[in-house]
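First the proteins, then the strands, lettered A, B, ... as listed; each starts at 1.
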2 protein chains.
Amino acid sequence: MREHTDTRDRIQEIALKLFTEQGYEATSLREIAEELGVTKAALYYHFKTKEDIVASLAEDQQAAMERLIEWAREQPRTREVRHEFLRRYADNLYSGRNHAFLRFMERNQTALRTHPKVEKMRRLVAALMEVFGEEGDTTAQRLRRSMAIFSLHAGLFLLNEEKIDDAERKALALELARELMDAGSGPG
Amino acid sequence: MREHTDTRDRIQEIALKLFTEQGYEATSLREIAEELGVTKAALYYHFKTKEDIVASLAEDQQAAMERLIEWAREQPRTREVRHEFLRRYADNLYSGRNHAFLRFMERNQTALRTHPKVEKMRRLVAALMEVFGEEGDTTAQRLRRSMAIFSLHAGLFLLNEEKIDDAERKALALELARELMDAGSGPG
DNA sequence: GTCTATACGTCGATAGAC
DNA sequence: GTCTATCGACGTATAGAC
């Protein structure tokens, strides 16, 4: 599909790290190149533009989220399915670069507001929040379902001072997400 | 205390709007000046630097939050006090520029990470989340108290598609915040 | 694939006239 | 208080050698 060099992967890794730590606009291609040990021009061999680096990062995560939404739509509307849905999303989040990418998105919402792939990701997150929504739901229920997804995102960084490992963090965030999801759904 | 011209106030208003909509770094002083109908140089008469505009916006909100934390520390640790605390914070948030400023902070976390007044504000938000913490609290409880504050911040923009007014939005966010705060506190 | 060199724009900020 | 004019630094991006 695409040529897959080590350098390309390292650019993604370093870019995501610096974008998250310092901000998207505040991070120049010069900085990325420096940390990588090459010049700016080398980056342009692997990526057409700065935005293109973000696009490449969004692509993997997008596929995973689309698959999860597709899965959820085919399932019966039961409490067990909703819990399994949250578990799958948490597994996805807490593995690989996925959580790092979502944190980057959340911390740089405005800077990335016109980025097509980021807009797509925002719509997918919104879809996650609504996939178990039904006709007669109240606004109070919608709020709780949204906050269920949100608590998974927030879990990792809200508890960063605690002396616990990621597995426990994930379990705690997931437990709260289930409570909120149950409170935001009808019976059954 | 300080000379208080109309222009100074309009600069704050327009800057906060553009910073929130477009991002802090993505908004140039030229844009602010243009929307105001003056030149960049005029801005520099009212504010020493770009960061100084942010600092001025933080100051009002900081005072209100410090007062609220001070108040909470003097109260007995009861359920009624915690609910009153949330109500006061929500009143503060949903009035004036306070909520707009916090949204701006959340959406531009990384770009503002080294800004002294913004760091101070982050510490104050953390203090709000911990002000009802006690010695033997579990991590699960801490997470719920944090999410209680967070749900007040999130309430306004998570429900932006709903056809309800701000008063109802506030009431719904407050109700969820109470649930989370109760779940994150000991009995009494 | 990576380099040097550079084009070209915009940024924040300042000097000095009015 | 606001202007014109300008500075130096840095940004993204490209051309062309190796």
Side-chain angles (χ1 to χ4, degrees), chain A residues 1-58 104 107-108 110-118, chain B residues 1-58 104 107-108 110-118:
Chain A
M1 296 213 104
R2 70 159 94 106
E3 75 278 33
H4 197 77
T5 68
D6 276 1
T7 303
R8 190 191 152 93
D9 222 65
R10 287 179 61 217
I11 293 171
Q12 289 182 315
E13 192 76 24
I14 290 171
L16 180 54
K17 191 189 107 194
L18 293 180
F19 287 164
T20 306
E21 286 173 0
Q22 311 182 348
Y24 175 68
E25 307 248 17
T27 302
S28 64
L29 296 179
R30 180 187 52 73
E31 283 179 286
I32 297 171
E34 248 168 43
E35 183 134 342
L36 205 103
V38 296
T39 64
K40 278 191 293 176
L43 302 185
Y44 280 96
Y45 173 80
H46 296 279
F47 295 98
K48 228 170 67 253
T49 63
K50 188 182 181 185
E51 291 195 350
D52 202 41
I53 300 178
V54 176
S56 77
L57 287 165
F104 158 61
R107 291 196 186 177
N108 293 276
T110 51
L112 298 169
R113 77 191 187 292
T114 62
H115 193 298
K117 295 268 198 242
V118 173
Chain B
M1 297 215 106
R2 68 158 96 108
E3 75 276 31
H4 197 77
T5 68
D6 275 3
T7 303
R8 189 190 153 93
D9 222 64
R10 286 180 62 218
I11 293 171
Q12 289 183 314
E13 192 77 23
I14 290 170
L16 180 55
K17 189 188 109 197
L18 293 180
F19 287 164
T20 305
E21 285 173 1
Q22 312 182 347
Y24 175 69
E25 308 247 17
T27 303
S28 65
L29 296 177
R30 180 188 51 75
E31 282 178 286
I32 298 171
E34 244 168 45
E35 184 134 343
L36 206 104
V38 297
T39 65
K40 275 193 297 176
L43 302 186
Y44 280 96
Y45 173 82
H46 296 280
F47 295 97
K48 226 168 70 256
T49 64
K50 190 182 181 184
E51 292 197 349
D52 201 43
I53 300 178
V54 175
S56 78
L57 288 166
F104 157 62
R107 290 194 185 179
N108 292 276
T110 51
L112 298 169
R113 78 192 187 294
T114 61
H115 193 298
K117 294 268 198 244
V118 173

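OP1 or OP2 of C:dT2 sits under 4.0 Å from a side-chain N or O of A:T7. Contact annotation: A:T39 reaches the phosphate of C:dC3 (side-chain N/O to OP1 or OP2, under 4.0 Å). Close to C:dG12, at under 4.0 Å from its OP1 or OP2, lies no side-chain N or O of B:R30. Here A:Y45 does not reach the OP1 or OP2 of C:dT2: none of its side-chain N or O atoms lies under 4.0 Å away. For the OP1/OP2 pair of D:dT14 and a distance below 4.0 Å, the side-chain nitrogens and oxygens of A:Y44 include no atom meeting the criterion. For D:dC10, the OP1/OP2 oxygens have no side-chain nitrogen or oxygen of A:S28 closer than 4.0 Å.
The CZ atom of A:R30 sits 12.5 Å away from the OG1 atom of A:T39 when rounded to the nearest 0.5 Å.
Atom pair B:R8:CZ and D:dG1:P shows a separation of 11 Å (rounding to whole Å applied). B:E34 places its CD atom 9 Å from the P atom of C:dC11, with the value rounded to the nearest Å. The CG-P distance, from B:D52 to C:dT14, rounds to 12 Å in whole Å. Separating the CD atom of B:Q22 from the P atom of C:dC11 is a distance of 11 Å, rounded to the nearest angstrom. If you measure from atom CD of A:E51 to atom C1' of D:dT12, you get 11 Å, rounded to the nearest angstrom. Taking atom CZ on A:F47 and atom C1' on D:dA13, their separation rounds to 16 Å, with Å as the unit. With rounding to whole Å, A:L29 atom CG is found 9 Å from D:dA13 atom C1'. Summarising the geometry, the separation between CD1 on B:I53 and P on C:dC11 is reported as 14 Å, rounded to the nearest angstrom.
Residues forming a ring-ring contact (aromatic ring centres under 6.0 Å, His included) with B:Y24 (at least two apart in sequence, or on another chain): B:F19.
Residue A:K17 is tested with A:Q22, A:Q12, A:E35 for a side-chain hydrogen bond (donor to acceptor under 3.5 Å, both in side chains); the sole match is A:E35.
Closest to the side chain of B:A41, out of D:dC3, C:dA13, D:dA13, is D:dC3. In the set D:dT12, D:dC3, C:dG1, the nucleotide with an atom closest to the side chain of A:K50 is D:dT12.
The minimum heavy-atom distance between A:I32 and A:A15, with the atom names listed, is CD1-CB, 3.9 Å. Closest heavy-atom contact between B:T110 and A:T20: CG2-O, 2.7 Å.
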